[in-house]
Amino acid sequence: MCWALFFLLALYSTLIDLSLIIRLKTDIAFISVVIAASIIIGAVLAAAVCITNHWINNRTFLAILITIAFLLRLGWILWIPTPVQSDFAEMYQGAVQAAKGDFSFSKNPYFSAWVYQLGFTMYEALIVRVFGEGLFILKLLNVLYCTGTVFLVYQIAARLFNESSARMAGVIYAVYTPSILMCSVLTNEHIAHFLFYLGFYLLIRKGFHWQTWLYTGILLALGDIMRPLGSFILLALGLYLFFLFLRNGKRAKLQIAGGFAGILAVFYIVHYIVSYGFIAAGVTQYPLSNRDPLWKFVLGFNHETNGQYSAKDEAYIAQFPIGEQRMEAERQLIQERLSDTGKTAALFKEKFKIMWGANDAAVYWSLGAIERPNVKDILFKTERVFYSSMLLFAAAGLFFMIRKSENDLSVFFLLLVLGYAAVHLLIEIQTRYRPFIIPSFAVFQGYGIFIVFTHLWNKYKRT
């Protein structure tokens, strides 16, 4: 019920945000239009999958799906010359220097505080070293990783539910505009998300064979080195395995506990090897870590910015050197901001609305510096309707699961969704942090569409 409620609250926040942006009052007529468009998307997908189930076998459908996903993303990076900006520019410029054997960039404040960014930077450096300077190869690799994630969404949905749900989930994610738009941005999320979801897929497909936890541990570690979400993922995985532990017999309990211990061991061994490999190579003097761990909480509890970035906070904190002195200043700020429980509750409400209801940042990051107003407007509206459809049908699917008690495999992805939402009540929020969880949304949307229209069709046949 909590999971279904999350999707409904996110849908409500989306409708409120969209109505305010177009300067309309949120009324029944407006909400009806958006929901109607969302339902039409579901109906079209359901009809298309029903037809393809009879005429196209699984392998052919998957080949068509992957081809479409790849061509859409390839076409986007060829059409839109997105420049490198913000943090992505810091990492790319560092990669160019590292490719030439110059690691002096690692001493600047950005990499000194957030050493973990060196993982993705050195990955880019390897690509630059092999193929030379230029953005195209890096963007092409983004296309391949994103296409790979489409494949994994399909496979995970098939494993959790059925072929029809998998086909709808795969199509949804293949055409979801932010997933296409962000391919032209040199962000670390594409490779990280592919590695994470590949690890998830292996885990639910193979269970706790020793090879599974070995490969899963490696994939989660490499994903975390690219983008540091590993601690959160391991916590969600631990809760999921505890859930399985309680539901199984003694022999299975030992296998589950041993598997989780193996994943943890491999995860930290890979981290240690890469981290101290960088130190030994002279890339940095620090392990891959966050040397300013309270900064995200300082921003997350800022009432003035509703938990978003604050230049004022950055200017204040920057006057303190990294270490205990800075952390003490950050602790004081956090304590002050949490002192009023009423304001904190209101802050959490606003953060939820922004994080899960505001428009996706993909248009800004991909097209922000490019004058294409008409394209931006179309993409913005398309994303809003597709995202609303995603939330609506995911909620519908989860309400059905409450009654029918579906298989245990889905619990892990539900824990990911709720856990990710809970974490972002505490830390800085940006809608560009949303893409990690969108593949899970697509999986549940695919099932929701399947179950809703199957129910309607069966009801129609009985009348």
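Every value quoted in this text rests on a predicted model; they were computed, and no experiment measured them.
- Taking the ring centre of Tyr364 as origin, the terminal cationic atom of Arg432 falls outside the region bounded by 6.0 Å and 45° from the ring axis.
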Carefully, step by step, assess Lys376 and Glu383 under the rule salt bridge (Lys or Arg N to Asp or Glu O under 4.0 Å). CA-CA 11 Å; Lys376 291 178 184 179; Glu383 184 275 332; over 6 Å; no
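- When atom types are taken as modelled, the side chain of Tyr286 and the backbone of Trp114 share no donor-acceptor pair closer than 3.5 angstrom.
- Side-chain contact between Leu186 and Met91 is absent, with no heavy-atom pair separated by less than 4.5 Å.
- Relative ring orientation between Phe412 and Phe200 is described as perpendicular, the plane-to-plane angle rising above 60° on a 0-90° scale split at 30° and 60°.
- Although no hydrogens or angles enter the test, the distance criterion places no donor-acceptor pair under 3.5 Å between the side chain of His193 and the main chain of Thr149.
- The number of heavy atoms from other shown groups lying within 6.0 Å of OH (Tyr110) is above 12.
- The pair Glu330-Lys296 does not count as a salt bridge, with every side-chain nitrogen at least 4.0 angstrom from each carboxylate oxygen.
- In this structure a side-chain-to-backbone donor-acceptor pair under 3.5 Å is missing from Arg227 to Asn188.
- Listed for the Thr284 side chain is no donor-acceptor partner under 3.5 Å among the backbone atoms of Ser106.
- Listed here is the closest heavy atom pair of Met355 and Thr431: O-CG2, 4.1 Å.
- The CG atom of Leu203 sits 8.0 Å away from atom CG of Leu220, with the distance rounded to the nearest 0.5 Å.
- The CG atom of Asp313 sits 4.5 Å away from the CG atom of Asn302 when rounded to the nearest 0.5 Å.
- Considering CD1 of Ile218 and CD1 of Ile263, their distance stands at 11.5 Å, rounded to 0.5 Å.
- Side-chain contact check for Leu367 versus Leu379: some heavy-atom pair is nearer than 4.5 Å.
- Ring planes of Phe88 and Trp365: perpendicular class, angle over 60° (limits at 30 and 60°).
- A donor-acceptor pair under 3.5 Å links the side-chain atoms of Arg291 to the main chain of Ser112, judged by distance alone.
- Between the Ser366 side chain and the Ser184 main chain, no donor and acceptor come within less than 3.5 Å of each other.
- Under the 3.5 Å distance criterion, the side-chain polar atoms of Trp76 are matched with a main-chain donor or acceptor of Leu181.
- Using the six-membered ring where Trp is involved, Phe243 and Tyr240 have ring planes that are parallel, under 30° apart on the 30 and 60° scheme.
- Nearest heavy-atom pair across Val417 and Ser440 is CG2-CB, 4.1 Å.
- Pairing each heavy atom of Gln319 with each of Tyr316, the nearest pair is CG-O, 2.8 Å.
- Ion pairing between a basic and an acidic side chain is recognised when a charged N comes within 4.0 Å of a carboxylate O; Glu304 and Lys343 show no such pairing.
- Of the possible polar contacts, one joining the Gln308 side chain to the Thr305 backbone as a donor-acceptor pair under 3.5 Å is found.
- Not a single donor-acceptor pair under 3.5 Å links the side chain of Arg73 to the backbone N or O of Thr147.
- Distance alone, capped at 3.5 Å, is enough to place a donor-acceptor pair between the Ser289 side chain and the Pro287 backbone.
- Nearest heavy atoms, Leu229 versus Asp224: N-OD1, 3.1 Å.
- Taking the six-membered ring for Trp and thresholds of 30 and 60 degrees, Trp356 and His424 have ring planes more than 60 degrees apart, a perpendicular arrangement.
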